[in-house]
Amino acid sequence: MSIISKLRALITLGEGMARGISELTVSEDPFALFHDWFENAKRAGLTLPEAMTLATATKDGIPSARMMLLKGYDDAGFVFYTNYASRKSRELLENPQAAFVLHWPTLQRQIRIEGDIEKLSVAESAAYFSTRSRGSQIGAWSSKQSSPLKDRAELERQARNHKLQFGDGEVPLPPFWGGFRLKPRHIEFWQGRVDRLHDRLRYTRDGSSWRIERLYP
Ligand SMILES: Cc1cc2nc3c(=O)[nH]c(=O)nc-3n(C[C@H](O)[C@H](O)[C@H](O)COP(=O)(O)O)c2cc1C
């Protein structure tokens with residue numbers, strides 16, 4: 001982190017901890033507050049501000065969690081990409097609900113999001129896939145994500161084969177790879193404050209608008 005980024009992060013941290021967030025002044029739209037905090041985290045120069053822990057569960061309610069990258073968001077929801085045959089995808093497809101959490105310790109901020117899952121269209125996934133580096137595209141083709149792998153040499157052999165297969169041509173979207181959108185029902189913003197008297201504001205979808213509640217920390 002550069003000195004400027006560190007200073008920015010410290011200023012945001014100081015402001016956040018001193019002033020906190022209030023249900024009386026925050027935006028009625030949680031996406032506006034999300035955008036404000038996310039842009040702040042990016043400006044603060046944090047490492048991977050888009051890293052989030054994604055929790056899924058089987059249809060019997062057995063949970064699992066892993067780190068993911070948040071790749072986009074708008075009023076429709078929050079988007080991430082993965083292998084559709086992976087463990088998380090199998091769980092999302094049989095039980096289309098999920099939760100994720102973003103944590104920015106330097107800013108003493110956490111955002112928790114819960115909601116329903118939908119698969120992105122092939123066109124949406126293809127549009128994103130085309131922006132990935134060629135190495136990442138080949139990597140997606142080469143991984144049977146979450147399946148047992150004999151040894152590392154086998155993975156590297158798959159990558160070499162796919163490199164040869166696609167040559168200098170375009171690498172198409174693998175049929176087993178793409179995105180999901182989490183359509184939020186709850187979005188909770190947590191701002192660390194002194195003496196653990198933290199601020200927690202939870203937005204809950206209520207028809208076409210959102211209800212805001214303050215929760216005990
Ligand atoms: C910081 C970080 C970001 C990651 N982002 C992604 C991602 O966007 N998509 C993905 O499929 N895996 C991502 N991974 C790997 C996952 O954590 C996980 O190992 C993989 O998706 C397999 O999970 P599963 O077996 O539960 O399906 C990331 C890992 C780390 C540490």
Side-chain angles (χ1 to χ4, degrees), residues 1 5 9 34-35 37-74 76-107 109-152 154-156 158-159 162 171-184 187:
M1 214 195 265
S5 301
F34 182 91
H35 184 69
W37 278 28
F38 193 56
E39 287 302 309
N40 232 312
K42 286 199 279 186
R43 274 199 305 277
L46 308 182
T47 307
L48 288 182
E50 73 276 35
M52 61 186 193
T53 302
L54 172 74
T56 57
T58 64
K59 62 179 178 340
D60 303 321
I62 297 172
S64 66
R66 76 289 291 151
M67 295 303 296
M68 294 288 283
L69 295 180
L70 176 66
K71 286 295 181 180
Y73 62 90
D74 58 22
F78 297 86
V79 168
F80 52 90
Y81 293 88
T82 192
N83 181 309
Y84 283 143
S86 65
R87 176 179 176 184
K88 77 184 82 55
S89 295
R90 277 186 270 121
E91 294 180 0
L92 289 171
L93 293 169
E94 69 178 41
N95 178 10
Q97 303 179 65
F100 71 79
V101 56
L102 293 145
H103 177 215
W104 301 308
T106 317
L107 305 176
R109 283 180 173 171
Q110 168 184 253
I111 304 180
R112 294 167 60 173
I113 304 189
E114 294 155 35
D116 297 316
I117 286 286
E118 68 182 16
K119 235 173 145 176
L120 294 195
S121 68
V122 172
E124 284 173 292
S125 293
Y128 170 70
F129 191 75
S130 70
T131 67
R132 286 167 66 95
S133 71
R134 199 171 180 80
S136 299
Q137 291 175 334
I138 301 277
W141 274 98
S142 310
S143 176
K144 298 185 181 70
Q145 195 176 57
S146 315
S147 299
L149 170 63
K150 183 164 62 93
D151 54 24
R152 176 151 187 107
E154 173 59 21
L155 177 65
E156 291 176 355
Q158 294 276 349
H162 283 111
V171 182
L173 174 73
F176 52 82
W177 197 95
F180 288 101
R181 176 177 291 111
L182 188 150
K183 296 177 292 173
I187 305 185

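Values reported hereafter were calculated over all heavy atoms of this structure, with side chains retained and with hydrogens, waters and symmetry mates removed. All figures in this text were calculated on a predicted structure; none of them were measured in a lab. In each ligand, atom 1 is the first atom listed, and ligand 1 is the first ligand listed.
- Using a 4.0 Å cut-off to heavy atoms of K88, the atoms of ligand 1 that qualify are 11 (O), 20 (C), 21 (O), 22 (C), 23 (O), 24 (P), 26 (O), 27 (O).
- Of all non-hydrogen atoms in R87 and S146, the two that sit nearest each other are N-OG, 3.1 Å.
- Scanning all protein heavy atoms for the shortest distance to atom 12 (N) of ligand 1 gives M68 SD, 3.6 Å.
- Neither the backbone nor the side chain of K71 comes within 4.0 Å of ligand 1, counting heavy atoms alone.
- Under the 4.5 Å side-chain criterion, counting only non-hydrogen atoms from C-beta, F78 is in contact with L70.
- Under the 4.0 angstrom criterion for non-hydrogen atoms, Y81 is in contact with ligand 1.
- Which parts of ligand 1 touch T82 is read off a 4.0 Å heavy-atom cut-off, strictly below it: atoms 10 (C), 11 (O).
- Scanning M67, M52, E50 for the heavy atom closest to atom 17 (O) of ligand 1 points to M67.
- Residue, atom and distance of the protein heavy atom nearest to atom 1 (C) of ligand 1 are L48 CD1, 3.9 Å.
- Panel note: side chain N95, backbone A57; a donor-acceptor pair is recorded below 3.5 Å.
- For atom 26 (O) of ligand 1, the nearest non-hydrogen atom of the protein is R66 NE, 2.8 Å.
- Residues L182 and D116 form no side-chain contact, since every pair of their non-hydrogen atoms from C-beta on lies 4.5 Å or further apart.
- Looking only at heavy atoms of the protein, atom 25 (O) of ligand 1 is closest to S146 OG, 2.6 Å.
- Side chains of E91 and T56: a donor on one and an acceptor on the other come within 3.5 Å.
- Checked against the 6.0 Å centroid threshold, Y84 and W177 do not count as a close aromatic pair.
- Protein heavy atom in closest approach to atom 8 (O) of ligand 1: L69 N, 3.1 Å.
- One side chain, R66 or S64, offers a donor N or O that lies under 3.5 Å from an acceptor on the other.
- W37 has its side chain within reach of W104: a pair of non-hydrogen atoms, C-beta onward, lies under 4.5 Å apart.
- Atom 19 (O) of ligand 1 is never approached by the protein to below 4.0 angstrom, counting heavy atoms only.
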